[in-house]
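Comments concern the structure below.
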Amino acid sequence: MTESRASLGRGLLVLFTLVAGVATVGSLHFSLGLGLVPCELCWYQRVLMYPLVVVGGVATLERRFAVWKTTLPLSLGGAAVAAYHVFLQVTPAAAGSCSIGGGCAAVQHPMLGGLLTIPRLALVAFALLSAFGLGLAWLARSHETPANP
């Protein structure tokens with residue numbers, strides 16, 4: 001791998017870990033700091049986000065660009081759950097019951113006049129993590145050489 005690609009890979013790993021860390025600290029701030037009770041879909045998003053901090057951090061320290069094989073399924077799954085959560089908030093009539101902490105369509109702690117909600121922030125974080133994962137996949141794939149040319 002050329003030095004510029006290795007540098008790009010290290011940068012992607014650092015950004016990946018930073019975004020996952022900020023998202024994790026943010027979710028903890030909303031629940032522990034502000035006392036908001038996460039709904040069921042929020043819990044699923046947390047289950048998919050929290051491991052990404054540890055996996056990304058270890059991969060950053062070890063400069064393991066192939067970590068995309070582990071992180072991409074988690075980040076894409078989280079993006080899907082977050083997108084569905086945003087859909088439920090935009091169309092509350094489509095929402096079923098969500099027993100933990102109230103309805104999943106309920107908007108807790110709207111920011112910027114309701115433009116930003118917690119699920120939208122999660123969707124942005126998962127989208128960024130997925131993009132970083134795809135970038136790492138591209139770097140890892142472009143570095144591979146064919147076994148028998």
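Here, residue 1 is the first one in the sequence, and each next residue gets the next number.
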Quiz item: Shared ILVMFWY cluster between Leu72 and Val53, side chains joined below 4.5 angstrom?
Solution: no

Quiz item: So do the side chains of Leu88 and Leu41 get within less than 4.5 Å of each other, counting heavy atoms only?
Solution: yes

Quiz item: What is the distance from atom CZ of Phe30 to atom CG of Leu121, rounded to the nearest 0.5 Å?
Solution: 5.5 Å

Quiz item: Are any non-hydrogen side-chain atoms of Thr71 and Leu129 less than 4.5 angstrom apart?
Solution: no

Quiz item: Mind checking whether Val47 and Ile118 sit in one hydrophobic cluster, side chains of I, L, V, M, F, W, Y counted as touching below 4.5 Å?
Solution: no

Exercise. Using the rule that two of Ile, Leu, Val, Met, Phe, Trp, Tyr join whenever any of their side-chain heavy atoms come within less than 4.5 Å, decide whether Leu18 and Leu12 are in one cluster.
Key: no

Quiz item: Trp68 and Leu139: side chain to side chain contact (heavy atoms under 4.5 Å, CB included), yes or no, with the steps?
Solution: CA-CA 10 Å; Trp68 67 270; Leu139 283 173; over 6 Å; no

Quiz prompt | Joint hydrophobic cluster, Leu32 plus Met49, side-chain heavy atoms closer than 4.5 Å | solution = yes

Quiz item: When you look at CZ of Arg10, are more than 12 heavy atoms from neighbouring residues, nucleotides or ligands closer to it than 6.0 Å?
Solution: yes

Quiz prompt | N/O donor-acceptor pair under 3.5 Å between Thr17 side chain and Gly56 backbone | solution = yes

Quiz item: Nearest 0.5 Å, what's the CG-CG distance between Leu52 and Leu74?
Solution: 5.0 Å

Quiz item: Does OH belonging to Tyr50 count more than 12 external heavy atoms closer than 6.0 Å?
Solution: yes

Exercise. Please round to the nearest 0.5 Å and tell me the distance separating atom CD of Gln89 and atom SG of Cys39.
Key: 8.0 Å

Quiz item: Any side-chain heavy atom of Thr24 sitting closer than 4.5 Å to one from His29?
Solution: no

Quiz item: Got Val58 and Arg64 here, is their nearest side-chain heavy-atom distance under 4.5 Å?
Solution: yes

Practice problem: Of all the heavy-atom pairs spanning Leu123 and Ala79, show the shortest one and how long it is. | Solution: CD1-O, 3.5 Å

Practice problem: Measure across Phe126 and Ala82 and return the closest heavy-atom pair with its distance rounded to 0.1 Å. | Solution: CD1-CB, 4.3 Å

Quiz item: Looking only at heavy atoms, which two atoms of Ala59 and Leu13 are closest? And how far apart?
Solution: O-CD1, 3.6 Å

Self-check item: Heavy-atom check, side chain of Phe16 versus side chain of Leu128, under 4.5 Å
Solution: no

Exercise. Under the side chain to side chain contact (heavy atoms under 4.5 Å, CB included) rule, what do Thr117 and His85 come out as? Steps first, then yes or no, please.
Key: CA-CA 10 Å; Thr117 62; His85 200 172; over 6 Å; no

Self-check item: Hphob cluster co-occupancy, Val25 + Val124, side-chain heavy atoms under 4.5 angstrom
Solution: no

Quiz prompt | Any side-chain donor near an acceptor of the partner, Arg46 and Ser31, under 3.5 Å | solution = yes

